[in-house]
A.B. asks: 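One structure is given below, represented as structure tokens, and several questions about it will come after.
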Amino acid sequence: MKFKNTHKDHQVTDESIYKSRRKLIKAGLIGGASVLSGSSMALTLPKHKTNPSFVIDELTEERDATTYNNFYEFGLSKSAPAENAGSMKTEPWTVEIGGLCEKQGPVDLEKLISNFQIEERVYRMRCVEAWSMVIPWMGFKLADLVKYCQPTSDAKYVYFETLYDPQQMPGQKGRSIPWPYREGLRMDEAMNELTLMTVGMYGKKLPNQNGAPLRLIVPWKYGFKGIKSIVKIKFLDKQPVNSWQAIAPQEYGFYANVNPNVDHPRWSQATERRITGGFSLFNSRIKTQMFNGYEDYVADMYQGMDLTKYY
Amino acid sequence: MFKYVKTIKVVVFLFCLLPLGIMVYDGFQRNLTADPIDELLHRTGIWSLRLLLLTLAMTPLKILTGQVGFIRFRRMLGLFTFFYATLHLIIYTWLDLGLAWGHLWEDIVKRPYITVGMLAWLLMLPMAVTSNRYMIRKMGKKWKRLHQTIYLVIGLACLHFIWLVKSDITEPLIYLLIGLILLLIRIIHHYYGQHTVNQRKFKKGSNHTA
């Protein structure tokens with residue numbers, strides 16, 4: 001798959017690369033900084049480069065992207081995750097791999113990550129609640145992880161689970177969601193070039209409230225597909241039921257592709273409020289793009305599917 | 001207590017302005033979350049609903065305590081309810097939709113939560129307009145009937161809230177429950193409380209206490 005630059009906002013201009021480089025230099029990432037150590041954490045992010053195919057000029061400010069989160073494990077309000085997630089222990093972190101694949105059993109996250117090439121990509125992030133951000137993520141391709149796990153030919157879906165630990169995740173004491181949080185992708189979606197297993201953002205390790213230490217980013221889908229704090233990855237032959245689909249199947253589907261033409265039953269998905277971080281009180285809505293602007297990369301996977309039925 | 005009604009009225013007035021003051025202050029402090037329009041929508045909506053319940057609580061408070069003075073805050077509370085509902089509507093149509101009237105119309109027609117929200121505001125409008133002594137006198141019994149639409153408004157407002165939350169409807173249900181309790185007190189009073197001492201005591205002084 002080629003990386004074409006047909007969309008205005010990820011033009012690969014020298015300036016945009018320069019700008020994002022400058023940001024990274026500020027964060028101490030480029031210029032020989034191959035090892036990035038978080039404050040007191042042991043997990044280090046390996047050397048990585050910015051993928052020039054995925055650069056968008058106007059980033060959402062880091063402060064907004066790290067304080068305005070939906071992560072019901074830490075509370076229902078947008079500010080709750082940043083307030084409550086700080087004490088979650090993310091190291092050591094073990095991911096359980098299983099299902100229809102060769103690699104089986106628990107694997108230490110740091111060891112797992114060392115197998116893959118980490119890169120930075122700036123993606124649009126569109127929440128099903130009709131707001132959006134532009135975030136520089138750092139991670140590796142889920143496709144690489146899938147290959148590493150060596151799924152059998154029966155494996156048609158990849159299934160993910162978030163940590164279940166009510167002691168660390170106070171929101172799990174409530175019953176807003178049948179815990180643990182679950183998500184899934186069709187195999188071709190998992191293998192898509194865009195699908196990123198994410199370990200960092202804004203040149204740093206993922207903050208806990210953003211789904212540390214490992215989360216999924218699927219930029220052409222609504223944000224809730226981006227399952228956070230992943231502890232389990234399984235290969236299945238049947239389509240799994242993701243959490244929001246389980247809660248309200250008439251409102252949230254398995255695919256959850258960003259689609260301005262298919263409204264949520266209760267609100268429109270045609271427009272969105274872009275969160276930039278600047279003074280935004282007078283920024284009215286912008287148009288939502290088909291597949292969140294990633295049509296060229298993903299549309300062929302859904303050829304012939306009725307997207308009003310498979311929402 | 002009600003010897004100082006005028007003083008208390010000033011306090012209540014300032015109390016009603018406080019949420020707006022905090023919104024303005026938080027706006028300058030950049031403290032309206034990452035999505036300030038959504039935050040302002042939520043805060044104006046929630047304060048309108050709270051003040052609506054407070055307005056509705058005055059008659060039950062009078063019934064329960066026998067203090068007729070509660071009624072004297074009702075108009076002010078009601079008008080502040082309408083004030084915050086109007087701010088809510090302005091933020092939605094102007095800041096959020098950018099005055100895209102086509103989009104607004106589509107929302108009203110297609111989104112039940114917008115439909116009922118809009119309806120609630122429209123029903124409050126005539127109540128706000130007629131909430132002065134002149135109209136009370138002029139309309140007589142009709143005034144009371146008109147202002148009984150407040151019960152419909154509380155139902156619509158709660159429905160508006162229930163239909164817009166993503167998953168957890170506990171909060172709107174609590175407001176609905178409070179509204180129902182307030183209504184229940186009035187109903188019980190209406191059917192069983194006619195001959196209580198309080199009722200007789202206030203029969204002379206009360207005029208429009210629905």
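Please read these numbers as outputs of a predicted model, since none were measured by experiment. So you know, we letter chains A, B, ... as the sequences are listed, proteins then strands, and number each from 1.
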A.B. asks: I need the residue from A/Ala65, A/Gly277, A/Ala270 with the largest number of non-hydrogen atom pairs under 4.5 Å to chain B.
C.D. replies: A/Gly277

A.B. asks: Pick from A/Arg285, A/His264, A/Glu251, A/Arg273: which one has the most heavy-atom pairs with chain B under 4.5 Å?
C.D. replies: A/Arg273

A.B. asks: More than 12 heavy atoms of other residues, nucleotides or ligands under 6.0 Å from CD of A/Gln239: is that the case?
C.D. replies: yes

A.B. asks: Go through A/Arg274 and B/Asp35 one step at a time and tell me if the salt bridge (Lys or Arg N to Asp or Glu O under 4.0 Å) criterion holds.
C.D. replies: CA-CA 8 Å; A/Arg274 173 62 55 82; B/Asp35 194 351; over 6 Å; no

A.B. asks: Measure distances from A/Ser268 to the heavy atoms of chain B and classify the residue's part below 4.5 Å as side chain, backbone, both or neither.
C.D. replies: both

A.B. asks: Considering residues, nucleotides and ligands other than A/Lys173, do more than 12 of their heavy atoms fall under 6.0 Å from its NZ?
C.D. replies: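 Count over threshold, so yes.
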
A.B. asks: Using only atom types and a distance under 3.5 Å, with no angle test, would you say the side chain of A/Arg266 pairs donor to acceptor with the backbone of B/Tyr113?
C.D. replies: no

A.B. asks: If you count heavy-atom pairs within less than 4.5 Å of chain A, which of B/Leu95, B/Ile114, B/Leu164 leads?
C.D. replies: B/Leu95

A.B. asks: So how far is it from B/Ile37 CD1 to A/Asn283 CG, rounded to the nearest 0.5 Å?
C.D. replies: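 Spacing of CD1 (B/Ile37) from CG (A/Asn283) equals 7.0 Å.
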
A.B. asks: Decide yes or no for B/Asp38 and A/Trp131: does some side-chain heavy atom of the first lie under 4.5 Å from some side-chain heavy atom of the second?
C.D. replies: no

A.B. asks: Less than 4.0 angstrom from a charged side-chain N to a carboxylate O is my criterion; do A/Arg175 and B/Asp168 meet it?
C.D. replies: no

A.B. asks: Side chain from CB out, backbone as N, CA, C, O: work out which of these in B/Leu99 comes under 4.5 Å of a heavy atom of chain A, or both, or neither.
C.D. replies: neither

A.B. asks: Please determine if B/Lys110 forms a cation-pi arrangement with A/Trp267, meaning its NZ or CZ atom is less than 6.0 Å from the six-membered ring centre and no more than 45° off the ring axis.
C.D. replies: no

A.B. asks: Can you tell me if A/Gln250 has over 12 outside heavy atoms packed within less than 6.0 Å of its CD?
C.D. replies: yes

A.B. asks: If I measure from the heavy atoms of chain B, does A/Leu281 come under 4.5 Å with its side chain, its backbone, both, or neither?
C.D. replies: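 Both backbone and side chain of A/Leu281 come within 4.5 Å of chain B.
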
A.B. asks: As an exercise: rank A/Met133, A/Lys78, A/Arg63 by heavy-atom pairs under 4.5 Å with chain B and give me the winner.
C.D. replies: A/Arg63

A.B. asks: Run the numbers on B/Arg111 and A/Asp263 for salt bridge (Lys or Arg N to Asp or Glu O under 4.0 Å), then give the verdict.
C.D. replies: CA-CA 10 Å; B/Arg111 317 283 159 212; A/Asp263 288 336; 2.6 Å; yes

A.B. asks: Decide yes or no for A/Tyr68 and B/Glu39: does some side-chain heavy atom of the first lie under 4.5 Å from some side-chain heavy atom of the second?
C.D. replies: no

A.B. asks: Given that the side chain runs from C-beta out, which part of A/Thr271 has a heavy atom under 4.5 Å from chain B: side chain, backbone, both or neither?
C.D. replies: side chain

A.B. asks: Counting C-beta onward and ignoring hydrogens, is there a side-chain heavy-atom pair between B/Thr33 and A/Asp64 closer than 4.5 Å?
C.D. replies: no

A.B. asks: Tell me, for A/Asn70 versus chain B, whether the close heavy atoms (under 4.5 Å) come from the side chain, the backbone, both or neither.
C.D. replies: side chain

A.B. asks: Nearest 0.5 angstrom please: B/Lys166 NZ to A/Cys127 SG, how far?
C.D. replies: 5.0 Å

